[in-house]
Structure formats: structure tokens, C-alpha cells
2 protein chains.
Amino acid sequence: MNIGDVSRKSGLPAKTIRYYEDIGLVTPPRSENGYRAFRETELHKLAFLGRARELGFTIEDCRTLLALYEDDGRESSQVKRVAQDHLHKIDEKIGQLQSMRGTLAHLIDECAGDHRPDCPILEDLAGEQS
Amino acid sequence: MNIGDVSRKSGLPAKTIRYYEDIGLVTPPRSENGYRAFRETELHKLAFLGRARELGFTIEDCRTLLALYEDDGRESSQVKRVAQDHLHKIDEKIGQLQSMRGTLAHLIDECAGDHRPDCPILEDLAGEQS
DNA sequence: ATGGGGTTTCCAGTCGCTGGAAGGTCAACA
DNA sequence: TGTTGACCTTCCAGCGACTGGAAACCCCAT
């Protein structure tokens, strides 16, 4: 399989696949013309990576997860820890965003949004107490 | 005021303040020794920027908001539109994160997290149907 | 004159790609 | 056989919003 086929099958852009090779996540052999010659195992790994990235794991997490996946001697607790750490970070981000959202929605609500210049949003940003 | 004072008063790192000058968000004059000499107006702008960044506005949004803040002829509808667009993006991000969170929490819940290698998390990433 | 704490500029790195340029390869068709 | 056109290759640069570090300058107190 050439990179285009793998791209179509995995859903990852060819650029991304080359990048994953650059950073050592996959190591497809080359055919005589210099093209990357992907086997099923690389396709499988790339699909794994695509799914892990969809769940928001960092590239380093992906590297760890891939290594665990290929390690028959792994303990599921190792995987669970990585996932739990990640969940924790997601929760933090959601918290931050919801806090922003709260403030912002409140300010928007108070803003007339008309032709006049008075604006509680700007006043808040400028640190004026309403 | 030197950059250190402004950094303390605004809560922004000196590096960030220099960066904001680089990209034209503030333009403090210089004293004879070459040091940035901040006035109240720059401090005020920086505090504004810090607050806008806390609410997650992009630097470009900040530029726009600052311009509107200084424009007496603005209409609050212009400000509101920027804020609403931003709110919309925040909601999208929260949605994505909550979707990740849902899948991830479910997988974590199913994983024994013990010494055995069997792991629903890895199975899911590998695309195996449970 | 020396020390320490400020400040300056500039360059490089972060993360995870993505775009683009310049060129090599291959299969099909005239 | 020539020539498209689609594919592939490498390499370099850029995104956003900083952040770290190096080398040098400035100022004040001892």
C-alpha cells in the first residue's frame, strides 16, 4: 500500500502519516522507488493512533499506549493510569471553559448590542466595576 | 514604570508584555537608557488584555476589542458580535471535550486496572468490537 | 570596583500538524 | 514515443501565544 491508500483507509492525511514516521510512531519499509510501502500492521497502528488522537491523547500518550498495546507483559493498570490522567486534564479544561463561558454569557446577556457605544463587556474587560 | 512594575501590577509576565509590544498591542515609549517607560494608559491596556485573554479571546480578538474600546464611535453590537462568536467557539470546544470525556470515562470504567494485560481501552483504540 | 538585580535583544523551542515548492515515478492514452 | 496527470519524495516555513535561555547593558549600594 502506498501512502494514499493508507491515508484513505485510516482517515489520516498523508502529511500526518509522514509526520508520524518522522517522530518514530510508525516505520514503514520502502519499496525500490523510494515510496513508503505500508503493511497491514502499519495501517493498524495508524488507525490506533487516529482513534487515540480523536480521544485527545497527546502524541506522547499515544506513544506510550502503542507501546503498551504491543507489550504482552503489560498490566491494564498502566493503561488505566494514562487514561485517568488524561481524563483529569480533560476535566480541568472543561472546567476552565465553563468558567469562561459563564462570565462571557453573562456579559453578553447584559450588552444591548445596539448602535450605542455603551458596553458592559468592554467595561468588564477594562476592570470598571459595574 | 519599568516592565517589572507593570508585570507585577498587571499580573502578566514581562516576556508576555514584550511580546505584546512586538505584535503591536502596546507601544510604550522608551527612556534614555533604552528601558520601556510604561504610563498608566499602557498599564490599563495590559490589564485589559490580560482579562480578555483570561476569557479565552484570541490575540486577534483582543486587538479588535481594544480598538473598539478606544473608539468612541463604536456600537455595542460590534462588541457583542465578537463576544458571541467567541462564545460559540467555546461551546464547540466544550462539546468536543465532553464527547471525549464520555467515551473515555466509559472505557476507564470498564478497565479492571489490575496486573492482567486485558484492557478494553486498548481494545477500543485498536478498533476491536467488544 | 564589585555584586546583584534589573533590563535589553535575539534566537530557539513548544505542540501537532499543515502548506507549498521543487522534483522523481508511474500508468494510461494519443 | 511523448506527454499528460496523479501520485510520491524531501525540505523548509508557518500557525498561536507564548516561554526559556544566552549574552550584554544599566543602575544602585556597599
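Throughout, a chain's letter reflects where its sequence line sits, starting with A, and its residues are numbered from 1. FYI, side chains are in, hydrogens and waters are out, and symmetry mates aren't considered; it's all heavy atoms of this structure.
Atom CD in Glu32(A) sits roughly 16 Å away from atom C1' in dT9(D) (whole-Å rounding). The nearest whole Å value for the distance from the CG atom in Leu46(B) to the P atom in dA17(D) is 16 Å. If you measure from atom CD1 of Ile17(A) to atom C1' of dT9(D), you get 15 Å, rounded to the nearest angstrom. For the pair Glu21(A) CD and dC8(D) P, the interatomic distance rounds to 14 Å; values are reported in whole Å. One atom, OH of Tyr19(A), and another, C1' of dC15(D), lie 13 Å apart when rounded to the nearest Å.
Proximity of Asn33(B) to the phosphate of dC25(D): no side-chain N or O atom is located under 4.0 Å from OP1 or OP2. Under 4.0 angstrom from either OP1 or OP2 of dT19(D) there lies at least one side-chain N or O belonging to Thr16(B). OP1 or OP2 of dT10(D) has at least one side-chain nitrogen or oxygen of Arg30(A) nearer than 4.0 Å. Dashed line: the shortest gap from a side-chain N or O of Tyr20(B) to OP1 or OP2 of dA17(D) is not under 4.0 Å.
As judged by a 4.0 angstrom heavy-atom cut-off over every strand, Ile3(B) is placed among residues touching the sugar-phosphate backbone only.
Evaluation of atom-type donor-acceptor distances gives no pair under 3.5 Å for the side chain of Lys15(A) against the base of dG16(C). Side-chain to base pairing of Tyr35(A) with dG24(C): one donor and one acceptor N or O lie within less than 3.5 Å of each other.
The number of heavy-atom neighbours closer than 6.0 Å to CZ of Arg116(B), taken from other residues, nucleotides and ligands shown, is 12 or below.
With dG16(C), dC18(D), dT9(D) as the choices, the nucleotide that has an atom nearest any side-chain atom of Arg18(A) turns out to be dT9(D). Of the listed nucleotides (dA17(D), dT25(C), dT10(D)), dT10(D) has the atom at the smallest distance from the side chain of Arg36(A).
The rotation axes computed at either terminus of the helix from dA1(C)-dT30(D) to dA30(C)-dT1(D) lie 40° apart, taking five pairs at each end and rounding to 10 degrees.
Taking the charged nitrogens against the carboxylate oxygens, Glu128(A) and Arg51(B) have no contact shorter than 4.0 Å, which rules out a salt bridge. Electrostatic pairing of Arg39(B) and Glu42(B) counts as a salt bridge here, judged by a charged N lying under 4.0 Å from a carboxylate O.
Across the interface with DNA chain C, nearest-nucleotide mapping of Phe57(A) and Arg8(B) shows Arg8(B) to be the residue nearer the 5′ end.
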